[in-house]
Enquirer: 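Here it is: the structure, laid out below.
Every number for a ligand or one of its atoms is a count from 1 in the order of the listing.
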Amino acid sequence: MSDQVVVRFAPSPTGPLHIGGVRTALYNYLFAKKHNGRFILRIEDTDRTRYVHGAEEYIIEALKWLGIEFTEGVHKDGEVGPYRQSDRKAQGLYQKYADQLVKDGWAYYAFDTSEELDAMRERLKEAGSQVQQYNYVTRREMKNSLTLSEEEVQKRIDKGDPYVIRFKMPKKEDIRFHDIVRDWVVFHSSQLDDKILLKSDGMPTYHLAVIVDDTLMGVNHVIRGEEWLSSTPLHVMLYKALGWEAHIPKYVHLPLILNPNGKGKMSKRQGDKMGFSVFPTSWTNPEDGKVSSGYREDGYISEALLNFLSLLGWNPGNDEELMNHDRLVELFDLGRIGNSAAKFDLDKLKWFNQTYIRNMANEDLLPLVKNFDPEGKLEGVEDNFILQAIELMKERVTVLGDFVEMAPYFFATPEGYDEKVVKKRWKADSPAILLDLKNKFDSISSWDSEEIEKVFKKHLEDAELGMGKVMAPLRLALTGVAGGPGVFDIAALIGKEETLSRIDIAIEAIPV
Ligand code: GLU
């Protein structure tokens, strides 16, 4: 085996990518990138019953948005891609290995119908057996090439009887493998069943396909979710049975990601209940047209999401938290992946997003902000104006949609005034005070924030008015709300004419 790191991300197109899958892809990506390795995308679509239309396209598009790039298995530079197991099956890649396993006594043909399988499970249940599986005990009473004569088997095959090929799991064997996170893991073969390797339609199952593909593609590190740990003993046995022991990869099984309350695996159900997304980008279910939210549409920056996810199960060994792409690549290390489940902390993710937005250049934010304008408030607004609004708001927003949503007043005259603020801040003398102020403003010739402030302060002094008495109604008149960026900055940006006009409109519209 060559020393070059070869990893893969191997999603099944059974639906959208879950945030846990994104983390798996990310860790593989970082590891490959750090070691100048190959990173393969392989779509594992052999289970046609669970195939969901649009899932493959979704996965590719979501990974692209995230900036998780592959060196192989994607459309690029004229390369064919993605690698799909269904295509590889059509090239006859798997059947021969299943046949080889049968020939070598590691697998067998099984002709049992689904009724016969049900009856077997029923019998075991009635007998009080804890597990009802096809294994080294039950295989002896089923219809397979271990119990039927050679002629009978041949006859059935020639006749075209449907059959599957099952792995003949040894009866008594300790199966040991090394996991970088968990150290040595041991399973006893008596607890494992005779898994199907090739289905009656000639399609390999995941287990056979994954071993054949990982070996043929030279994969030497398998980094995947903890839910696959229980499949690994079978995989290790398959490597042995196929004479590929030298190809057994280094394993890393990633700890679970838990719901924010620490209870249970992070789930869509809990996400719907608690208001967090579980998908990177939004997903429309092709069956019922239902749309599930995603972090892209929720207004998250992909790099912030990745930085946050990088720390769900891994740490850099110091207290660094903010790590951009290059820094993550530099620091990432499989040895620092932990084995305890990590809580998905939405507030923390928000903090990352806020911080990334703050640290981004306004020019880079501009196209993103323009994408979050559901009501078309930015239409016809000059980029230069939006850039200034971004500058004033970027310290205050959490998600991209906040730019327009929290500060619509940059782009339009307020359509109403917050009632609570009116009640508290708009006094009987407010109209007169603002009118005076307006006249002072009218005389300003160079309309900028400092000049406006100067004139404002001078007016307070001359009229012997307290700050709050003038500032709060002014803010209300200009924005319709309380809070936000500095009032002089707002006035400066919307312009003199608009400022004066908003004062007039407010005086007219707000009852005293
Ligand atoms: N196709 C499997 C999945 O959907 C891949 C598991 C593995 O990485 O081996 O996650």
Enquirer: Run the side-chain hydrogen bond (donor to acceptor under 3.5 Å, both in side chains) test on Tyr58 and His53 for me, step by step, so that the C-alpha distance in whole Å, both residues' side-chain angles and the decisive distance to 0.1 Å come before the verdict.
Expert: CA-CA 9 Å; Tyr58 172 95; His53 279 281; over 6 Å; no
Enquirer: Would you kindly say whether Tyr109 and Asn144 are connected by a side-chain donor-acceptor distance under 3.5 Å?
Expert: no
Enquirer: Enumerate the atoms of ligand 1 whose separation from the nearest heavy atom of Glu44 is less than 4.0 angstrom.
Expert: 1 (N), 2 (C), 5 (C)
Enquirer: Which of the numbered atoms in ligand 1 are below 4.0 angstrom from a heavy atom of Tyr206?
Expert: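 Selected atoms, number and element: 2 (C), 5 (C), 6 (C), 7 (C), 9 (O).
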Enquirer: Is the closest heavy-atom distance from Glu227 to ligand 1 below 4.0 Å?
Expert: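 The answer is no: ligand 1 sits nowhere under 4.0 Å from a heavy atom of Glu227.
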Enquirer: For a quick check under 3.5 Å, do Asp112 and Tyr163 share a side-chain donor-acceptor pair by atom type?
Expert: no
Enquirer: Looking only at protein heavy atoms, which one is nearest to atom 4 (O) of ligand 1, and how far off is it?
Expert: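 That would be Ser12 OG, 3.0 Å.
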Enquirer: Name the closest protein heavy atom to atom 8 (O) of ligand 1, giving the residue it belongs to and the distance to 0.1 Å.
Expert: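 Ranked first by proximity to atom 8 (O) of ligand 1 is Arg8 NH1, 2.6 Å.
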Enquirer: Among all protein non-hydrogen atoms, which one is nearest to atom 10 (O) of ligand 1, and what is the separation to 0.1 Å?
Expert: Trp228 CZ2, 3.4 Å
Enquirer: Would you check if there is a donor-acceptor pair between the side chains of Arg182 and Asn339 at a distance under 3.5 Å?
Expert: no
Enquirer: Could you tell me the residue and atom name of the protein heavy atom closest to atom 5 (C) of ligand 1, and the distance to it rounded to 0.1 Å?
Expert: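 Ranked first by proximity to atom 5 (C) of ligand 1 is Ala10 O, 3.2 Å.
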Enquirer: Looking at Arg224, which atoms of ligand 1 are within less than 4.0 Å of one of its heavy atoms?
Expert: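 It comes down to these atoms of ligand 1: 7 (C), 8 (O), 9 (O).
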Enquirer: Before we go on, tell me: are the rings of Tyr251 and His178 under 6.0 Å apart, centre to centre?
Expert: no
Enquirer: Mind checking whether Phe332 and His35 have ring centres under 6.0 Å apart?
Expert: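 Ring centres of His35 and Phe332 not closer than 6.0 Å.
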